[in-house]
Amino acid sequence: MTKMISKNLSIQKLSCYLRLARTDGIGAIRFHQLLKKYHTPDAALDILPSLLRNKKTSTYFSPPPLSVIIEEIEKTFELQGQFLIHGFDDYPALLSHLDDAPPVLTVLGNAEFLHQQNIAIVGARNASMHGIRIAESLAADLAAHSIGVTSGLARGIDQAAHKGALYTGFTIAAIACGIDIVYPTEHQKLQKKIAEKGVIISEFPFGTSPQATHFPRRNRLIAGLCHGCVVIEAALNSGSLITSKLALNYNKPIFAVPGSPLDPRCKGSNNLIRMGAVLTESALDIIPELSPFITDNHKPFKPDLFTDIEPSIATIDKQSMDTIQETTCNSIEDEIIALLSTTPIPIDLIIRHLSYSATEILSTITLLEINNKIIFQHNGYILTT
């Protein structure tokens, strides 16, 4: 059991760290302040009763019962998960330097990957087939150069990035729920594969369901863990731009894959390039930018990149709400159209990507063309009107 936690950390001490970290009202910054002042988690817990959370209502901090924490530890270990505590050597170095570094991380898989060079790839959940192919290819290309890929295990670009990285290397999935929860549910096989060949990381307790307010913290993990952030198909003011802003604030280089100016999914990512992000078509556009960042904390472009994006809690929560409340396509027509853009793609890619028969897909494409919703080219390629 002790192999599942930070070196030289007993279950009793781990319980103290978890109780302090899981106390309502004790965020990351306050957690670090308490440890800096009182030195140990048990000493900080002892002082909590004297600290008012809200002077107007005289509400006191109330740590969770020890039994709840022990249950979390036992269930995490049963799943072969482990805990990483801020301040210990096995905690990810890039995260440890952040003022708001998560006090406790729960991981499933090979935690050593959290200490290796990696690039975040983020983008649209309703990505086009073109964007999905780029994300998958770029991730595989990076992994072939021994650079891991970090993303958020969402639909679309995230999913493609994780899959691509697993072809030739490792991937890191930062999630907005407990490590035992699969979200979205159709990613069950992918999440299992990441746990086997990569690593899943969360700052939420075992059994925690995804909620809108959790996604900003998930995005912070992605931005903090990576050595640079690639954006593919991001609309203006999208959650992907929020993640890239966080990465920029952490002095990480920003990369963007160009897209059609006619596709609203590409407005944000194209704007990043306009403002100075590295135009990215392959891993060879990324690798030369990493060395300066690693050696001298190089900031790749001007810090006013996001002057048109308000990174307020309200804005971030709205993006999170969009994520948690996302609706799946309710018909085969919707699924086909969602994959299309102004860049033509072959029909056989659509057939391989969707879980419908070739007959169903071809029949639907014919109807979409008749209704002028798509353009069918004689070479077997289709695109949006």
Side-chain angles (χ1 to χ4, degrees), residues 92-94 107-124 127-174 187 189-201 221-234 240 243-244 247 252-259 269 272-273 277-295 298 300 343 345-346 348-349 352-353:
L94 286 181
V107 300
L108 186 61
N110 189 349
E112 293 298 319
F113 290 138
L114 301 174
H115 303 275
Q116 297 187 27
Q117 194 175 57
N118 71 89
I119 290 292
I121 297 180
V122 297
S128 69
M129 195 71 240
H130 183 65
I132 289 170
R133 290 178 67 194
I134 292 173
E136 195 168 325
S137 174
L138 181 60
D141 199 5
L142 287 167
H145 285 85
S146 300
I147 299 173
V149 172
T150 298
S151 199
L153 204 57
R155 298 182 177 100
I157 297 301
D158 288 18
Q159 177 184 7
H162 289 306
K163 285 184 175 180
L166 288 172
Y167 290 145
T168 53
F170 74 91
T171 186
I172 300 170
H187 286 176
K189 289 184 179 179
L190 177 60
Q191 187 161 325
K192 184 176 184 291
K193 192 172 182 180
I194 294 173
E196 293 171 350
K197 297 186 176 182
V199 60
I200 297 168
I201 182 170
L221 272 182
I222 295 171
L225 281 168
C226 71
H227 290 84
C229 181
V230 180
V231 180
I232 303 174
E233 291 191 348
S240 299
T243 302
S244 59
K252 314 293 179 69
I254 307 300
F255 308 86
V257 174
S269 42
L272 291 181
I273 297 172
V278 178
L279 188 152
T280 302
E281 295 176 319
S282 73
L284 296 181
D285 297 311
I286 297 172
I287 295 170
E289 302 294 326
L290 298 182
S291 295
F293 164 71
I294 294 170
T295 56
H298 170 68
T343 301
I345 61 170
D348 64 320
L349 277 182
R352 288 202 299 267
H353 184 78

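Residue numbers count from 1 along this sequence. All figures in this text were calculated on a predicted structure; none of them were measured in a lab.
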[X] and [Y]: which non-hydrogen atoms are nearest, and at how many Å?
X: Ala127; Y: Ile132; answer: CB-CG1, 3.9 Å
X: Lys252; Y: Cys226; answer: NZ-O, 2.6 Å
X: Asp158; Y: Gly123; answer: OD1-N, 4.0 Å
X: Ala124; Y: Ser240; answer: N-OG, 4.2 Å
X: Ile157; Y: Gly131; answer: CD1-O, 3.5 Å
X: Ser244; Y: Val231; answer: CB-CG2, 3.8 Å

Q: Show the numbers, then the answer: is there a side chain to side chain contact (heavy atoms under 4.5 Å, CB included) between Ile286 and Val278?
A: CA-CA 8 Å; Ile286 297 172; Val278 178; over 6 Å; no
Distance from [X] atom [atom1] to [Y] atom [atom2], nearest 0.5 Å?
X: Asn118; Y: Leu225; atom1: CG; atom2: CG; result: 6.5 Å
X: Leu290; Y: Ile119; atom1: CG; atom2: CD1; result: 4.5 Å
X: Glu196; Y: Asn110; atom1: CD; atom2: CG; result: 12.5 Å
X: Thr243; Y: Leu221; atom1: OG1; atom2: CG; result: 10.5 Å
X: His162; Y: Leu190; atom1: NE2; atom2: CG; result: 6.5 Å
X: Phe113; Y: Lys197; atom1: CZ; atom2: NZ; result: 11.0 Å

Q | Under 3.5 Å donor-acceptor, Thr168 side chain and Ala140 backbone | A | yes
Q) Is a donor on one side and an acceptor on the other found under 3.5 Å between the side chain of Gln117 and the backbone of His227? A) no
Q: Consider only side-chain N and O atoms of Ser282 and Asp141, and report whether a donor and an acceptor are under 3.5 Å apart.
A: no
Q. Between Thr280 and Asp285, do the side chains contain an N or O donor and an N or O acceptor separated by less than 3.5 Å?
A. no
Q. So, do Val122 and Cys229 sit near enough that their side-chain heavy atoms are less than 4.5 Å apart?
A. yes
Q.
Just so I know, are the side chains of Ile200 and Leu153 near enough to count as touching, which here means a heavy-atom distance under 4.5 Å?
A. no
Q) What's the verdict on side chain to side chain contact (heavy atoms under 4.5 Å, CB included) for Val199 and Ile172, showing C-alpha distance, side-chain angles and the deciding distance? A) CA-CA 5 Å; Val199 60; Ile172 300 170; 3.6 Å; yes
